[in-house]
Protein chains: 2
Amino acid sequence: MDTSGSELSVLSAALKGAGIRMTHQRIEVFSELQASHGHPSVTEIYEGVRKRLPSISPDTVYRTLRLFSELGLIIPHSSTSSVTRFDVNVHEHHHFVCTRCSRIFDFTSSSIDPLEVPREAESFGEVQGVQLEVRGICRDCLRRERTQEE
Amino acid sequence: MDTSGSELSVLSAALKGAGIRMTHQRIEVFSELQASHGHPSVTEIYEGVRKRLPSISPDTVYRTLRLFSELGLIIPHSSTSSVTRFDVNVHEHHHFVCTRCSRIFDFTSSSIDPLEVPREAESFGEVQGVQLEVRGICRDCLRRERTQEE
DNA sequence: GCCCAGATAATAATATTTCTTATCTAGGAT
DNA sequence: ATCCTAGATAAGAAATATTATTATCTGGGC
């Protein structure tokens, strides 16, 4: 089955809805994402697109992936901020991760703790821990974005 | 209250248990972690320690934090691999993240889906999504480590 | 105190991500 | 169809993060 046409209409709708141009580069990055398996990295997407669009720049791929993330077409895996951060708190807790500023807020929840490991997860290997990861936009970023819109 | 002494005994026990030396650098990095709030980055720890140990190198901080992660003293937040990866699958699913090779495996779970957002998380901002993050060592890494031990 | 495997510092190299600026183009107006 | 321009891109440089190399140093068992 060829779903490339119908998939592209998703891109088209998302871009049009936000009043954003439909460019070659965005189409190619989008197709590359659709064709990818697992959790592609920026470099993987860049190398893939380069086969068809040899002159595309890394910068464009970065910008495009950020745009797609904002449009909800893809989900950046955890901190997009390229710096590794550490949890000094090794006790059970969960994370609220801001998708704008990538800050992480810890919380515990009496309603869900202790969290059990689903059986499906155990097949992948030896489990060390589980936590909930809630993605969202933090209060500070919400306030900042509201202010800028005025 | 001064808990630095008792905290240090945690480090001492962990290192001794693994037959690893207790060095100035490791002690200072450990103290810096204890004194830190939130989710410190490598650079933040490095800058902090440098005030007391001006000659420490970034390399040592990286190595030490990796060591502490392996000992379970801290938990690296998601992929330590410095590359941003993307989820092309925007439907609800969960992650098994390998703490060795940082590969991510997707899964869904009939027993827990749909996952609800705990009320505690909503106070941080506007929620976009939730997923479980299971940390562990994947089958491939387990096999490789077993082989190396022989 | 001596010794040496393990640990570190210094430096260079590599990888990732962002910035700057000149050029180009999608798509609405004409 | 052509023109126009805000938005988008390419190229290159720069900033930042991370890892590798190698010579030197040191913790802790003897």
Side-chain angles (χ1 to χ4, degrees), chain A residues 8 11-30 32 39-71 74 76-86 99-102, chain B residues 8 11-30 32 39-71 76-86 100-102:
Chain A
L8 259 188
L11 174 64
S12 172
L15 293 182
K16 202 159 288 179
I20 289 174
R21 288 186 192 166
M22 181 108 167
T23 64
H24 281 169
Q25 291 85 346
R26 284 172 180 155
I27 292 170
E28 291 300 337
V29 169
F30 186 80
E32 191 65 30
H39 303 80
S41 66
V42 181
T43 304
E44 282 160 11
I45 296 298
Y46 172 63
E47 293 300 339
V49 172
R50 216 142 76 105
K51 289 176 191 156
R52 277 159 290 135
L53 231 65
S55 70
I56 198 170
S57 71
D59 186 52
T60 297
V61 177
Y62 275 96
R63 249 184 305 105
T64 303
L65 291 174
R66 215 181 307 144
L67 172 67
F68 288 176
S69 299
E70 278 164 17
L71 295 175
I74 55 177
H77 187 257
S78 292
S79 120
T80 304
S81 72
S82 87
V83 291
T84 306
R85 294 188 170 275
F86 294 88
T99 54
R100 293 285 191 273
C101 66
S102 80
Chain B
L8 258 190
L11 174 65
S12 172
L15 293 182
K16 202 159 288 178
I20 289 174
R21 288 186 191 165
M22 182 109 166
T23 64
H24 281 170
Q25 290 86 345
R26 284 172 181 155
I27 291 170
E28 290 301 339
V29 169
F30 186 80
E32 191 66 31
H39 303 80
S41 65
V42 180
T43 304
E44 284 161 11
I45 297 298
Y46 172 63
E47 292 302 339
V49 172
R50 216 142 77 103
K51 288 175 190 156
R52 278 159 290 135
L53 230 63
S55 69
I56 197 170
S57 71
D59 185 53
T60 298
V61 177
Y62 275 96
R63 249 184 305 105
T64 303
L65 291 174
R66 215 179 308 145
L67 172 68
F68 288 177
S69 299
E70 278 163 17
L71 294 175
H77 187 257
S78 292
S79 117
T80 305
S81 72
S82 87
V83 291
T84 306
R85 294 188 170 273
F86 294 88
R100 293 288 190 270
C101 65
S102 81

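Worth saying up front: this structure is predicted, and the values here are computed from it rather than measured. Only this structure's heavy atoms are used, side chains among them; waters, hydrogens and symmetry mates stay out. In what follows, chains carry the letters A, B, and so on, assigned in the order in which the sequence lines appear, proteins first and then strands, with residues in each chain numbered from 1.
- Rounded to an integer number of Å, the gap from B:Phe68 CZ to C:dA7 P is 12 Å.
- One interatomic measurement links the two molecules: CZ of A:Phe30 to P of D:dA8, which rounds to 17 Å at whole-angstrom precision.
- When the side-chain nitrogen and oxygen atoms of B:Gln25 are compared with OP1 and OP2 of D:dT26, none of them lie within a distance under 4.0 Å.
- Between atom CD of residue B:Glu32 and atom CG of residue B:Leu53 there is a gap of 11.0 Å, rounded to the nearest 0.5 Å.
- Contact annotation: A:Thr23 reaches the phosphate of D:dT9 (side-chain N/O to OP1 or OP2, under 4.0 Å).
- Residue order along DNA chain D, read from the 5' end via each residue's closest nucleotide, puts B:Pro58 first among B:Ile20 and B:Pro58.
- With distances taken from any side-chain atom of A:Arg66 to the nucleotides D:dA10, C:dT18, C:dA9, the minimum falls on C:dT18.
- Residue B:Ile45 holds its CD1 atom at 11.5 Å from CZ of B:Phe30, rounded to the nearest 0.5 Å.
- Contact detail for A:Val61 and A:Tyr46: the closest heavy-atom pair is CG2-CD1, 3.8 Å.
- Contact annotation: B:Arg63 does not reach the phosphate of D:dA20 (side-chain N/O to OP1 or OP2, under 4.0 Å).
- Listed by chain and number, the residues in a side chain to side chain donor-acceptor pair (under 3.5 Å) with A:Thr60 are A:Ser57, A:Arg63 (sequence neighbours excluded).
- Put simply, CE on A:Met22 is 17 Å from C1' on D:dT9, counting in whole angstrom units.
- Comparing atom distances between the B:His24 side chain and each of D:dA17, C:dA7, D:dG27 picks out D:dG27 as nearest.
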Self-check item: nucleotides 20-25 of chain C: protein proximity per nucleotide (B base, S sugar-phosphate only, - neither; heavy atom, under 4.0 Å)
Solution: -----B
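- In this structure, the salt bridge (charged side-chain N to carboxylate O under 4.0 Å, His left out) partners of B:Arg50, at least two apart in sequence or on a different chain, are B:Glu47.
- Backbone-only contact: B:Arg26 has heavy atoms under 4.0 Å from sugar-phosphate atoms and none from a base.
- For the segment residues 45-54 of chain A, no residue has any heavy atom less than 4.0 angstrom from an atom of DNA chain D.
- Comparing the local axis fitted to the first five base pairs of the helix from C:dG1-D:dC30 to C:dT30-D:dA1 with the one fitted to its last five gives a bend of 30°, rounded to 10°.
- Rounded to whole Å, atom P of D:dA8 lies 18 Å from atom CD of A:Glu28.
- Comparing atom distances between the B:Ile56 side chain and each of D:dA17, D:dA10, C:dA9 picks out C:dA9 as nearest.
- Closest of all the heavy-atom pairs between A:Glu44 and A:His39 is OE1-O, 4.3 Å.
- The side chain of A:Thr60 contributes an N or O atom lying less than 4.0 Å from OP1 or OP2 of D:dA10.
- In this structure, the nucleotide among C:dT17, C:dA10, D:dT18 sitting nearest to the side chain of B:Tyr62 is D:dT18.
- Between B:Phe68 and B:Leu11, the closest side-chain pair of non-hydrogen atoms falls below 4.5 Å.
- Contacts of A:Ser55 with the nucleic acid, taken as non-hydrogen atoms under 4.0 Å apart, involve only primed sugar atoms and P, OP1 or OP2.
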Result block: side-chain N/O donor-acceptor pairs under 3.5 angstrom for residues 12-29 of chain A, not counting sequence neighbours:
{"unit_1": "A:Thr23", "atom_1": "OG1", "unit_2": "A:Arg26", "atom_2": "N", "d": "3.2"}
{"unit_1": "A:Arg26", "atom_1": "NH1", "unit_2": "A:Arg21", "atom_2": "O", "d": "2.8"}
{"unit_1": "A:Glu28", "atom_1": "OE1", "unit_2": "A:Arg52", "atom_2": "NH1", "d": "2.2"}

